[in-house]
Amino acid sequence: MSLLDVQRSLVGFARGSSAEYHHCGNLTPSEDKWLKQLLDAPGLHITQQVQQWWRISRVCATAPLTVALLKRHGLEELIVEYIITEPIRTLFFAAELDQFKTFLRGKALVDHTTRTLVEFEAGIKTAAQLAAAGNEVSTESFSLLLRFQCYPPALFAALLTGTPLPALEQQDYYLEINPSLESLWRCWDNCYHNCRLNCHTNCSSNCRSDRAPQHLQRDDAIHTDVPRLPSKVAENHI
Amino acid sequence: MLPQQSLRKLGVGINYHGYFHDLILRHIDIIDYIEVSPDIFCEEVICEDGNCSDATDGYNRTFRLNTNKLQDALVIGQLRPVVVHGLSLSIGSASGWNSDYLNILDQYAEQQTFAWHSEHLGFMLVKNQDGSEDHAGLILPMQFTGEALDLLCPRIQQLCIRYRAPFLIENTTYYLPDFLTTDHQQWDEIEFLNQLLTRTSCGLLLDLYNFYCNALNFGFDPYAALSRLQLDKVIEIHVAGGVTHEGFLLDVHSREVPEAVWDLLAWILPKLPNLCAITYELLEQALPVTGEEKIVAQLQRCKTLWDDYLQMTISPAQQNISHLNKVEIQHVAA
């Protein structure tokens with residue numbers, strides 16, 4: 001049994017899968033016995049848990065608002081499902097927000113606000129990276145418009161402080177993410193929505209991303225005094 | 001050869017994280033150096049030229065250092081020496097190590113000098129049979145076999161010459177059984193480390209807490225085991241604390257250093273002629289749990305042992321040089 005086969009089996013074991021072990025076709029009886037012993041070992045269970053703790057901690061760090069909202073909705077099992085079913089494909093400490101976002105997109109249990117929120121957190125990450133890159137990349141290449149059914153800063157504040165969530169409203173609120181903005185994002189009220197209808201007549205009723213229209217000036221925005229969100233909200237998992 | 005004679009005795013340090021930035025500045029008088037993991041500055045970035053290493057979600061992406069986070073670390077790097085401790089090289093992967101990490105380290109090395117760099121003895125990445133890459137999510141132990149040794153030695157030699165700084169390998173904690181001495185291992189952990197230290201130019205980063213975890217979890221005598229180690233190759237020591245879960249002491253760096261590890265440290269220090277540094281490691285999330293007062297107390301306890309070590313092992317003239325180095329750094333910082 002080669003080192004590569006051993007490592008494939010161990011990575012599979014650590015992630016709760018024995019498929020790689022079963023693919024090893026050239027095991028000697030003693031090698032087979034050894035791997036079977038590993039599968040039953042209490043230390044393997046610990047290894048799996050340690051792997052899951054690290055991953056959960058990464059998801060919580062990279063999408064703190066989305067995780068908080070999932071918990072409010074009693075949907076923690078989606079985070080666990082994500083950890084168990086989705087392979088790890090990024091660098092050890094690199095954010096896996098996009099993978100988490102894609103996972104949530106495919107889940108019927110996830111409501112409009114949660115989907116919009118994870119889009120928001122992923123958008124902020126991208127905008128922050130583009131802003132930090134300065135002149136190396138054009139910040140005009142990225143702009144995101146998200147529709148919320150409640151005032152976004154009130155939602156963020158409720159999630160960060162543990163206070164009750166704001167009620168959903170008939171009125172739509174739009175949030176623009178753009179690396180050229182000082183705090184990377186700003187809110188619009190439904191006058192922007194009306195403006196878009198007048199101009200383009202194709203406004204979607206669902207959360208959607210779009211390029212912000214060039215004719216909209218900064219003065220049209222609802223200026224919020226909410227500071228830039230922390231990139232990471234410390235959570236105690238210890 | 002590892003240039004042990006030219007390595008400076010740094011003293012006592014702490015691992016760097018953005019959350020620790022202010023704490024480190026407040027207690028800079030008892031922190032002789034910082035240990036930096038370039039991985040924590042790493043992020044995926046959208047690029048427009050189409051030359052990125054990966055493409056997901058419709059965007060081309062590559063890895064780069066987050067300049068804001070890096071800048072904070074560089075500030076402390078002007079006040080104190082830096083050593084590098086990698087987390088994600090995956091040096092033992094049979095299907096190839098993580099070259100993205102080396103690219104990150106290259107970028108970091110352009111902006112920050114460091115006394116040495118180190119990496120964990122283990123692996124995280126594997127290439128599947130379909131060519132895709134999978135990630136364990138934590139560092140898994142190497143098999144202590146000839147095949148593993150043949151894989152590691154040339155990689156370590158490559159790392160020894162890639163940067164203008166020595167390279168150290170670190171022993172890790174493992175929870176899987178039969179990584180001691182079985183039919184499937186040619187050596188135990190100590191013998192395997194000795195083989196690596198003999199066949200390459202690297203030094204040893206001896207993580208006493210990791211070693212203590214393994215000893216406790218698998219029931220061997222750490223003193224007897226450490227007595228068989230090539231102790232003249234130990235350049236840096238790590239101490240840390242953790243929690244016990246389901247009967248296993250875990251390597252989570254979330255608590256104060258256990259008394260048993262302090263005892264091990266006091267016992268082993270006189271046996272380490274080339275030791276240059278003792279690092280207290282702490283997980284960033286543990287800061288509010290452990291608290292600043294206890295962290296400072298851990299560092300001060302390391303400092304007391306370090307001062308005793310200096311008295312025992314180096315001449316007054318060398319101690320004076322060490323003191324002058326610190327004065328010089330403070331002068332430059334001022």
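Hydrogens, waters and symmetry mates play no part in the numbers below; they use all other heavy atoms, side chains included. Just so it is clear: chains get the letters A, B, ... in the order the sequence lines come, proteins before strands, and each one is counted from 1.
- For the side-chain contact (heavy atoms from CB on, under 4.5 Å) test, residues two or more places apart in sequence or in another chain that qualify with Ala127(A) are Phe142(A), Ile177(A), Pro179(A), Leu184(A).
- By the side-chain contact (heavy atoms from CB on, under 4.5 Å) test, Ala136(B) is found to be paired with Val11(A), Leu138(B), Leu140(B), residues two or more places apart in sequence or in another chain being considered.
- Separating the OH atom in Tyr174(B) from the OG1 atom in Thr47(A) is a distance of 12.0 Å, to the nearest 0.5 Å.
- The environment of Glu246(B) atom CD is dense: over 12 non-hydrogen atoms of other residues, nucleotides or ligands sit within 6.0 angstrom.
- For Arg15(A), the part lying under 4.5 angstrom from a heavy atom of chain B is the side chain only.
- In this structure, CD in Gln51(A) is found 10.0 Å from NE2 in His135(B), a value given to the nearest 0.5 Å.
- With Ile46(A) as reference, Leu250(B) is the one residue of Leu250(B), Asn217(B), Leu176(B) to meet the side chain to side chain contact (heavy atoms under 4.5 Å, CB included) rule.
- No other option in Ser37(B), Ser90(B), Ala94(B) has as many heavy-atom pairs under 4.5 Å with chain A as Ala94(B).
- Counting all heavy atoms, side chain and backbone alike, Leu3(A) lies closest to Gln143(B) at CD1-OE1, 3.8 Å.
- Panel note: side chain Arg8(A), backbone Lys127(B); a donor-acceptor pair is recorded below 3.5 Å.
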Taking it one step at a time, do Tyr175(B) and Gln49(A) satisfy side chain to side chain contact (heavy atoms under 4.5 Å, CB included)?
CA-CA 11 Å; Tyr175(B) 310 105; Gln49(A) 288 184 71; over 6 Å; no
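- Shown here is Glu293(B), whose CD atom has no more than 12 heavy atoms of other residues, nucleotides or ligands within 6.0 Å.
- Side chain to side chain, Ser57(A) and Gln285(B) meet the donor-acceptor criterion of an N or O pair below 3.5 Å.
- Note that CE of Met124(B) is 11.5 Å distant from CD of Gln7(A), once rounded to the nearest 0.5 Å.
- Annotation for Ser95(B) and Leu4(A): closest pair CB-CD1, 3.8 Å, computed over non-hydrogen atoms.
- Neither the backbone nor the side chain of Gln52(A) comes within contact range of chain B; no heavy atom of the residue lies under 4.5 Å from a heavy atom of that chain.
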